[in-house]
Amino acid sequence: MSLKVLALGGDGIGPEVVDGALRVLEVAAGSIGLKVDLSEDLLHGAAWEKYGTFIRPETLQKAHASDALLVGAVGGPRWDHIVIDGGPEEQDGLMKLRHELDVFACVRHSRAWEALLGRTPFLPDRVRGADIIVMRELCGGAMFTKNRGVDIAPGGDRRAYDLNEYSSSEIERFARVGFEVARRRNGRIISVDKSNVFMACKLWREVVEEIGRSEFPDVELVHYFTDNAIYQMCCHPTAFDVILAENLFGDLLSDQSAAIAGSLGMLPSACLPNLPKQGPVSGPAIYEPVHCSAPDIEGQGIANPVGAILSVAIMLQYSEGEGKCAKRIEAAVEGALNAGYVTKDLGGSHTTMEMTDGVIKQFRAL
Ligand code: NAD
């Protein structure tokens, strides 16, 4: 058994949290006799500084030849202003990777941890038991549209636009993965849109409805308008299970969902190119914490590594079919939190290294 992993720390706190996650991967893989064939490379700002490009063709080749990629985070004020000819994927090494690997189905997991209930913005009784997956479509919509630009009218007025467009086939393939994820959990899914206003959202609702009715009649489907979904998620976080959202709405909803965990640093994600009914994902998938590069705390050794560590857990689940080992990592995180390990973002004082050590200690004890 072997898993070919490409680790791309990226920028800011990315390399710090990826280091911790790789240590956990080594221990977890060892416990199930899995050989990890690991290579590492630079991404985005780090690649720009050394090679003058956000991602090298060699890195893309390695990505295509991998089973799984572990990405830290990319970006920062040093590179945010750089503009390169071409679509949005040319402006960002991670967007390029997502585009190239066509990992259109992003699974973002947030849950309320018992040990952290007093550290979230919610009343403990309101958030206890909340466990939410936000499915974010990752390769379409306004974020990836080629219909974008700035026009200048004769009087000098500037008009900027990024067209939000979705085809029925893009919605279909994404909805199928979302329903499959919901089927594997509690058989409930909430699709969010603004079909009261936007044409792309009307098509979204129509297609999601069709896929649900024809292929997943056992999964309960409910539609919410996005603004209401965000409001309801704050008021009744335990009422949500799996949420299905287009690219931009999913981006917003998943950060909002992080509040139930107490910190953005707690959330893992899997960016998948497919999800078969059984067995592991075929083709390379990207695993990354949901947070960005957090330049404000870069280099201080205080970043919360849990989102990256849990990304390794879901890597084993989706890319290797090792759901049991994934659960053991999640239980180790829970054990470390229960034992009092808390990083600064959650009001504690444990460093990235100490938090990682705490998780590894718990993992070994399980
Ligand atoms: P961010 O997620 O980096 O940070 C938001 C806040 O959360 C900050 O206060 C940060 O310190 C904190 N935080 C985030 N992750 C944490 C962790 N693991 N531990 C402790 N605290 C944590 O968001 P931002 O500040 O809006 O963006 C920073 C940069 O990220 C931008 O310059 C942007 O270019 C880039 N970016 C990266 C990605 C990505 O990597 N996926 C996506 C979009 C933007």
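Not measured: the values here are computed from a predicted model. Read the numbers this way: they start at 1 and go in the same order the structure lists the ligands and their atoms.
Ranking protein heavy atoms by distance to atom 35 (C) of ligand 1, first place goes to V74 O, 3.2 Å. Counting only heavy atoms of the protein, atom 19 (N) of ligand 1 lies nearest to N304 N, 2.9 Å. Given atom 28 (C) of ligand 1, the protein heavy atom at minimum distance is P295 CD, 3.5 Å. H291 CB, 3.7 Å is the protein heavy atom nearest to atom 14 (C) of ligand 1. For atom 11 (O) of ligand 1, the nearest non-hydrogen atom of the protein is D296 OD1, 2.9 Å. When only non-hydrogen protein atoms are considered, atom 29 (C) of ligand 1 lies nearest to S293 OG, 3.2 Å.
Of the N or O atoms in A294, one or more lie within a sub-3.5 Å distance of an N or O in ligand 1. Backbone and side-chain nitrogen or oxygen atoms of C292 are examined, and one is located within less than 3.5 angstrom of a nitrogen or oxygen of ligand 1. Residue-to-ligand polar distances keep S263 apart from ligand 1: every N/O pair is separated by 3.5 Å or more.
Using the six-membered ring where Trp is involved, F144 and H99 have ring planes that are parallel, under 30° apart on the 30 and 60° scheme. In this structure, F216 and F179 have parallel ring planes: the angle between them is below the 30° cut-off, well short of the 60° mark.
Both the sub-6.0 Å distance and the 45° axial angle are not jointly satisfied by R136 relative to the ring of F249.
Listed for the H291 side chain is no donor-acceptor partner under 3.5 Å among the backbone atoms of L264. In this structure a side-chain-to-backbone donor-acceptor pair under 3.5 Å is present from E246 to L248. Under the 3.5 Å distance criterion, the side-chain polar atoms of E322 are left unmatched by any main-chain donor or acceptor of Y318. S254 contributes a side-chain N or O that, together with a main-chain N or O of D251, makes up a donor-acceptor pair within less than 3.5 Å.
Heavy-atom contacts of G76 reach the following atoms of ligand 1: 32 (O), 34 (O) (cutoff under 4.0 Å). Listed by number with element, the atoms of ligand 1 under 4.0 Å from a non-hydrogen atom of A73 are 40 (O). Applying the 4.0 Å criterion to heavy atoms of A303 picks out, from ligand 1, the atoms 19 (N). Short contacts between ligand 1 and G265, defined as distances under 4.0 Å to a heavy atom of the residue, involve ligand atoms 17 (C), 18 (N).
Between V17, I297, L43, D80, it is I297 that holds the heavy atom closest to atom 21 (N) of ligand 1.
When distances from atom 8 (C) of ligand 1 to the protein are checked, a heavy atom turns up under 4.0 Å. For atom 40 (O) of ligand 1, a protein non-hydrogen atom is found at a distance below 4.0 Å.
Residue contacts with ligand 1 for I13 involve side-chain atoms from C-beta outward but no N, CA, C or O (heavy atoms, distance under 4.0 Å). When non-hydrogen atoms are compared, ligand 1 lies under 4.0 Å from the side chain of L264 (C-beta onward) but not from its backbone. At a heavy-atom cutoff of 4.0 Å, ligand 1 is contacted by the side chain of L94 but not by its backbone. Counting heavy atoms closer than 4.0 Å to ligand 1, residue D345 contributes side-chain atoms (C-beta onward) but none from N, CA, C or O. Neither the backbone nor the side chain of P305 comes within contact range of ligand 1; no heavy atom lies under 4.0 Å.
Classification of K4 and D67 as a salt-bridged pair fails, no side-chain N sitting under 4.0 Å from a carboxylate O. A salt bridge links D357 with R23: the distance from a Lys NZ or Arg NE/NH1/NH2 to an Asp or Glu carboxylate oxygen falls below 4.0 Å. A salt bridge links R111 with E334; the closest basic N to acidic carboxylate O contact falls under 4.0 Å.
The closest side-chain donor-acceptor pair between T352 and E16, if any, does not fall under 3.5 angstrom.
E180 pairs in a salt bridge (charged side-chain N to carboxylate O under 4.0 Å, His left out) with only one of the listed residues (K277, R173, R185), which is K277.
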Discussion item. Between Y166 and E137, is the side-chain hydrogen bond (donor to acceptor under 3.5 Å, both in side chains) condition met? List the steps.
Written reply: CA-CA 10 Å; Y166 271 103; E137 200 289 327; 2.8 Å; yes
